[in-house]
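Within every chain, numbering begins at 1; the chains are lettered A, B, ... in the order of the sequence lines, protein sequences first and strands thereafter.
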Amino acid sequence: MDYIIEMRNIVKEFPGIRANDDITLQIKKGEIHALLGENGAGKSTLMSVLFGMYKPESGSIVLRGEPVQISGPKMANSLGIGMVHQHFKLVHNFTVLQNIILGVETTKNGFLKMDEARKKVMDLSEQYGLKVDPDALISDISVGMQQRVEILKMLYRDNDILIFDEPTAVLTPQEIDELMEIMKGLAAEGKSIIFITHKLEEIKRVANRCTVLRLGKYVGTVNVSDITVEEMSEMMVGRKVILDIEKEYKEPGKPVLEVENLTVIDNRSKKDKVKNASFKVNEGEIICIAGVDGNGQSELIYAITGLIHADSGVIKILGEDVTKKSIRYRNTHGLSHIPEDRHKWGLVLDYNLAENLILMEYFEDKYQKCGFLKEPEIIKYAEKLIAQYDIRSSEGTKTKVRSMSGGNQQKAIAARELSRNPDILIAVQPTRGLDVGAIEYMHKEIVKARDNGKAVLVVSFDLSEVMRLADRILVMYEGEIVADVKPSEITDKELGLYMAGAKRREAI
Amino acid sequence: MKKKFSLPDFTNAAGPISSIVAILVGLLSGIIILLISNPARALDGFLWIIAGSLMSPKDIGNVLYYATPIIMTGLSVAFAFRTSLFNIGASGQFIMGAYGAVLVGVKLQSLGSFHWIVALLTSIVFGALWALIPGILKAYFNVNEVISFIMTNYIGMYLVNSMVRSTVYHKLTNRSLPVAESANIPKIGFDKIFPGSSVNGGIVIAILISILIYILLNKTTFGFELKACGFNNDASRYAGINAKKNIVISLLIAGALAGMGGGLLYLAGSGKYIYVEDIIAPEGFTGISVALLGMSHPIGTLFAGLFVAYITVGGSYMQLSGFVPEIIDIITAIIIYFAAFSLIIRNVLYKLKTRNAGDKS
């Protein structure tokens with residue numbers, strides 16, 4: 001069988017850990033090959049080996065039948081290997097065109113020859129159906145568009161082995177659909193694609209074959225059409241995973257969070273980001289806010305948690321009006337918040353795990369006396385949470401959070417917020433970027449909080465998550481709540497119509 | 001808000017090591033300059049830099065004396081760094097503090113044995129108030145602190161010049177009047193241990209303050225908040241920390257430290273006067289190098305201040321090897337400024353380390 005690229009029996013060791021233990025990856029020309037594995041399974045290490053950033057202890061790379069020694073990313077690039085990173089590497093105040101040619105500019109006597117470059121970019125964008133405006137600034141275009149620019153960058157460099165590192169993590173459902181089409185188109189044109197992900201549905205949708213890694217070891221390579229999603233997740237996690245959320249019907253109690261006629265106006269554009277939103281979250285109830293990213297969900301949550309102030313309307317926690325109260329006041333009066341961006345909001349990455357676990361409570365008498373931190377108590381509490389929530393890190397309480405995996409960072413936030421025993425738990429995209437095992441864990445915790453009589457408000461862009469988790473679904477479209485439904489009363493398709501603004505029902 | 005400075009990580013051994021490497025690189029470049037300017041006496045001169053300040057008790061005493069004010073300005077800059085603010089205005093706060101100390105030292109002679117304490121406290125207050133203005137501008141009007149600090153350096157200098165003229169001026173010498181004997185910081189026996197030097201109790205105060213700042217930053221809820229704001233402003237807001245208040249308080253303390261440095265120098269009883277001239281106090285800028293060399297860590301800053309003083313005193317002996325004072329200034333400046341590259345060296349060390357160890361995720 002002919003492979004365009006093979007990585008044979010790769011072994012890469014780091015002090016104390018075998019990140020890649022005899023891993024073989026074989027890619028055929030023109031296929032979409034998924035690389036599946038939990039966080040820490042060795043996917044990134046394997047790709048770094050492919051790009052020559054790490055030198056493997058043993059194993060070989062065979063490119064188009066010839067063994068090669070790849071010395072670094074530059075060489076990988078010249079061999080036709082390109083990658084779209086999870087976090088894009090674009091210059092924000094450059095235009096699309098400038099970004100694409102950056103580093104491989106054609107020049108004449110030291111002057112840029114933009115016309116040729118422009119023509120090539122336009123041809124490529126035509127050929128692969130990647131519509132972009134070459135003169136738009138990166139800072140002005142959407143995340144999905146930025147991703148297209150990254151893809152065009154690879155194509156412009158005549159790469160024919162394309163690596164996508166968790167490309168859908170940052171996209172809306174619509175953008176994901178478009179990306180899937182683009183990937184299929186690229187494969188049809190003879191490009192070979194390595195698709196790194198842990199979203200099984202996506203693999204099912206586009207990939208031809210799938211290689212599964214677990215804890216640095218090679219589990220197997222399968223034809224995607226021969227295997228079910230459940231079997232794939234079992235291969236990945238090493239045990240059966242319950243994708244369905246078990247949750248019993250519970251009669252909701254009295255209202256905990258009440259939002260009345262809330263309006264938030266954006267300072268810069270003067271547009272209402274949230275328009276006259278009203279809803280209640282009751283005890284023992286999970287409310288999911290569905291909607292396409294950017295329809296006011298973030299602003300709604302910021303207003304409820306106090307990160308921005310509401311322009312009008314009332315927010316009540318347990319009947320008390322907190323609209324004008326400080327963030328600290330809300331945090332200490334029953335509100336817990338798992339924020340959407342754990343690096344921006346949720347964690348102080350340069351603080352250690354213990355310090356992050358008390359981030360919301362360091363000022364409480366439990367942890368300080370006369371302004372001095374009680375270190376032994378803090379460590380004891382952190383150790384308790386680490387054990388209880390199974391937060392894994394290299395050095396326990398002393399671990400810098402920056403060095404922890406995304407899943408464990410999220411667990412740390414969840415541990416901190418849930419252990420504060422809130423009346424209302426707000427979780428925004430609680431499972432973003434997490435692998436199946438961690439998602440299962442987060443969902444369980446959220447349901448547990450609900451079963452303990454907490455009110456839970458979840459914002460998610462993942463429809464299947466919304467449908468599984470929610471007791472009631474609110475749909476936001478352009479800042480308005482356009483639907484308030486029970487998951488049992490609605491189909492995915494109908495929900496999609498609400499999200500697209502094609503249908504609306506007055507909030508109850 | 002983007003983080004402007006990468007803050008040092010002292011749990012990491014690369015911290016002190018990188019400072020030491022930086023110092024060695026600085027010394028090496030010093031030798032090169034010496035070789036260029038006078039090859040025959042280069043080694044001689046270099047030995048003076050290294051050993052000159054250890055020749056006699058007097059020299060050691062002078063190292064401690066020179067170190068005192070720059071430890072304080074270093075602490076001032078380092079403290080502001082912790083909240084990710086760049087206190088380039090330490091010079092202004094320093095000279096304001098100096099003026100406060102001199103004013104009280106000259107005018108309030110009836111205070112007796114409390115005189116020097118009141119004078120020193122005045123320098124703290126003057127320095128703090130001078131940093132308060134940029135602090136408020138930064139916190140409530142989002143005015144870039146670097147710009148307002150540079151402006152307050154100049155305003156502070158001219159303001160002190162004019163205030164010295166109108167309050168404590170000695171016309172013939174164009175400088176401030178001498179402070180009363182009672183306003184001088186007690187020698188607490190240092191004049192016996194290090195005879196002939198100007199060292200005094202100020203160095204003890206500087207060391208105590210370094211430890212105090214260390215405790216404040218690392219053991220208290222206030223330090224916890226300040227560092228959280230410095231590391232991640234958004235997350236600290238999310239945690240309900242009042243970032244604006246912390247900016248103001250952080251700069252207030254930074255200003256107090258620099259102002260106190262001014263007080264400690266001008267109350268040293270070493271014959272220091274505020275001259276009415278258009279020169280911004282260099283101690284503030286040296287404080288930036290000291291803070292960088294000390295990795296923004298209070299105890300590191302203490303040692304960095306001592307090192308810079310040690311090089312300065314040693315360098316002053318190079319004239320004995322026939323080097324002109326200007327060359328000496330260049331050499332010490334090069335060593336100090338290379339030393340301040342410790343952050344860069346730290347990053348290099350870190351990169352080497354991660355390249356070897358690799359990223360496990």
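The closest side-chain heavy-atom distance from T305(A) to Y238(B) is not below 4.5 Å. Between F224(B) and Y351(A) there is a side-chain heavy-atom pair separated by less than 4.5 Å.
Near-neighbour residues of residues 207-216 of chain B relative to chain A, defined by a heavy atom under 4.5 Å from a heavy atom of that chain, comprise I215(B). Using a 4.5 Å heavy-atom cut-off against chain B, the contacting residues of residues 367-374 of chain A are Q368(A), G371(A), F372(A), L373(A).
Under a 3.5 Å cut-off, the side chain of N232(B) and the backbone N or O of K344(A) do form a donor-acceptor pair.
No more than 12 heavy atoms of other residues, nucleotides or ligands lie within 6.0 Å of CZ in F114(B), so this atom counts as exposed by the packing criterion.
Within the 4.5 angstrom heavy-atom criterion, no atom of E364(A) approaches chain B.
Considering all non-hydrogen atoms of both residues, T221(B) and Y362(A) come closest at CG2-O, 3.6 Å. Closest non-hydrogen pair, L347(A) versus A235(B), comes out as O-CB, 3.5 Å.
The CG atom of N331(A) sits 10.5 Å away from atom CD1 of I241(B), with the distance rounded to the nearest 0.5 Å.
Top candidate by heavy-atom pairs under 4.5 Å with chain B, chosen from E355(A), K55(A), H343(A), M404(A), is E355(A).
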